[in-house]
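Each remark here refers to the structure printed beneath this line.
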Protein chains: 2
Amino acid sequence: MDDEEVMVDAAPGAVENIPRRGRLHTQAAQQLRTMILSGELPPGTRLREVQLCQQLGVSRTPVREAFRTLAAEGMIDLLPNRSVIVARLRSPDIGHLFEVVGALEALAGELAVKLVTSEQIGEIAGLHNKMLESYEKRERAAYLDLNHRIHRRIVEISANPVLISTWQTLIPRVERARAIANLNPDRWVAAVYEHSRMLSALVSRDGGLLSQLTREHFMNGLRHIPQESGSGQGT
Amino acid sequence: MDDEEVMVDAAPGAVENIPRRGRLHTQAAQQLRTMILSGELPPGTRLREVQLCQQLGVSRTPVREAFRTLAAEGMIDLLPNRSVIVARLRSPDIGHLFEVVGALEALAGELAVKLVTSEQIGEIAGLHNKMLESYEKRERAAYLDLNHRIHRRIVEISANPVLISTWQTLIPRVERARAIANLNPDRWVAAVYEHSRMLSALVSRDGGLLSQLTREHFMNGLRHIPQESGSGQGT
DNA sequence: ATGCCCAATCTTGTATGCAAGAATGCTTCA
DNA sequence: TGAAGCATTCTTGCATACAAGATTGGGCAT
């Protein structure tokens, strides 16, 4: 045969440094996830298999398997015999998402207070204080990162693997929504206050209160998500 | 820009009888799910691709894609370069599962009472009465089926697509646990009573009460799951 | 006899070829 | 001129061939 493209193991130019070329479909899924979260592939984008193959330097098989993984995460929509499209993030969906994640984190709070150690409370309090500092300096990115880490830590402490994996599946979309949403000053200060109350509930190990505050925290946050998200001719 | 309507995938369960029911991988996934739920493939079973291909009459490609779907549902475990195995149903995991699904259905109840129509209440009441009949006749399979349909109907009425899809992802494992669990007479009558109370709460549109009853319903059911279900003697 | 190493075989991972269904554009008729 | 039917082309779905990693059994050395 002629000198077609030799082999793919030599890096077509993307991130190919990994000596251990672990499953290509896992790698493809991760790259796609990153591209979607970064906004490189906006919602509604049609993903054609062959195009992505060339872009990622792999064949159609791993790409197709990555599609299944991403579809299970709700990142993309699989249409019967048609193209795959990046899931749209319509504002009603954000509300639905917040309701579900709020319920999950409320459960996490209930479970966590039964298991949390003093060290872990100290750790979360530390994150909380750093978050307050970020708020004082109005460092939005750092604030959001610490915010995320606090929420994640509580979910992890719940020690419920089903809860953790379900939460992890949904949370990229929440982060995506947060990245879009403008944090207006009124909401920001309210969120900080709510977090302080949640920390108090955790310290006093009041699961019912923490659960209720968590749920309210999400519902309050929801009211401040801008109603945009354009292009939605939604239902 | 293209403003094409986003049509959600036309349902895995819409048309089942016609021989050409679309995608082979969907069909393969459904068959595998049934085989696992029925106990034909007990937990820990190694699934070799080629063997399943011959058994299902398809090639390896749709089988591999079905594997991804089932893995996302937690029905099977994908090991790196080794065989796929049917997920073991450890009893702690069942507890974790019930906690999460209980929280989700509690949320569904809260949302449903705000939206449910009189016709839908009548429909659920009808299912409930048929379930009572099945209980009177001790028709276990019919009872479980109606039970499942009632729960599913409430989740659907919540009209939260994120909640619905998350619930659908988790529920096969719940059904599997229910299929394994022996429904002992004491638990059975208690479950029927709990369902009656839940129906009353729905009729009176008391979301808080329905939510609480739903959660308790799951926690009570959990206590009667046999504490062993590993690689046991099966039926 | 036992433990280690190597090779044969099995199984999974990937690529590609082929067929069926869908979208699109063109032609034709009213 | 507009709409409908048809054909071309594109894209997905499926099957199979090939390659790489893993497991296991046997042989050899200590």
Side-chain angles (χ1 to χ4, degrees), chain A residues 1-12 14-16 18-32 41 44-71 76-86, chain B residues 1-12 14-15 18-32 41 44-71 76-87:
Chain A
M1 323 314 197
D2 31 318
D3 50 337
E4 281 283 344
E5 210 101 19
V6 193
M7 274 295 229
V8 273
D9 59 342
V15 276
E16 289 288 343
I18 47 176
R20 162 152 202 70
R21 49 177 180 193
R23 306 359 118 218
L24 257 50
H25 56 83
T26 303
Q27 181 180 344
Q30 185 53 43
Q31 289 191 36
L32 269 173
L41 296 175
T45 304
R46 297 168 64 100
L47 301 177
R48 265 106 51 195
E49 291 178 1
V50 284
Q51 172 185 333
L52 272 169
C53 293
Q54 298 168 350
Q55 196 165 347
L56 299 180
V58 298
S59 91
R60 287 176 56 210
T61 306
V63 169
R64 285 178 62 84
E65 303 200 351
F67 278 174
R68 300 255 145 228
T69 303
L70 276 298
I76 62 178
D77 287 331
L78 260 42
L79 303 166
N81 263 329
R82 282 177 281 289
S83 294
V84 169
I85 65 170
V86 178
Chain B
M1 293 321 224
D2 56 330
D3 54 341
E4 53 205 321
E5 190 74 18
V6 176
M7 305 278 290
V8 173
D9 183 341
V15 277
I18 52 179
R20 70 177 300 90
R21 55 167 174 223
R23 328 315 158 262
L24 257 52
H25 57 83
T26 302
Q27 179 180 346
Q30 185 53 42
Q31 289 191 37
L32 269 173
L41 297 175
T45 304
R46 296 169 68 97
L47 300 177
R48 265 107 47 195
E49 292 179 359
V50 284
Q51 173 184 332
L52 272 170
C53 293
Q54 299 169 349
Q55 198 165 346
L56 300 180
V58 298
S59 92
R60 285 177 57 210
T61 307
V63 168
R64 285 179 63 83
E65 302 200 353
F67 278 175
R68 302 253 146 231
T69 303
L70 276 298
I76 61 178
D77 288 331
L78 296 166
L79 291 98
N81 264 329
R82 280 176 280 291
S83 295
V84 169
I85 66 171
V86 178

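Treat the numbers as computed from the prediction; the structure is a model and nothing was measured. Numbers restart at 1 for each chain; the letters A, B, ... are given by sequence-line order, proteins then strands.
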From [atom1] of [X] over to [atom2] of [N], roughly how many Å is that when rounded to an integer?
X	N	atom1	atom2	result
A:R23	C:dT12	CZ	C1'	10 Å
B:E49	C:dT11	CD	P	10 Å
B:R60	D:dC14	CZ	C1'	13 Å
A:E65	D:dC14	CD	C1'	13 Å
B:R48	C:dG13	CZ	P	15 Å
B:L78	C:dG13	CG	P	8 Å
A:L56	C:dA15	CG	P	11 Å
A:L52	C:dT14	CG	P	16 Å

Are OP1 or OP2 of [N] and a side-chain N or O of [X] less than 4.0 angstrom apart?
X	N	value
A:T61	C:dT14	no
A:S83	D:dT12	yes
B:R64	C:dG13	yes
B:R82	C:dT11	no

* **Among C:dT12, D:dT12, C:dA15, the one nearest B:N81 by side-chain distance** =>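 Within the option list, the nearest is C:dT12.
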* Do you know the tightest heavy-atom contact between B:S59 and B:V63? ->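 Here B:S59 and B:V63 meet closest at O-CG2, 3.5 Å.
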* **Atom pair CD (A:E65) and OG1 (B:T61), whose distance is rounded to the nearest 0.5 Å** => 8.5 Å
* Heavy-atom distance under 4.5 Å between the side chains of B:L47 and B:I76, does that happen here? -> yes
* **Side-chain heavy atoms of A:R46 within contact of A:V84, under 4.5 Å** =>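 With C-beta onward as the side chain, the pair stays apart.
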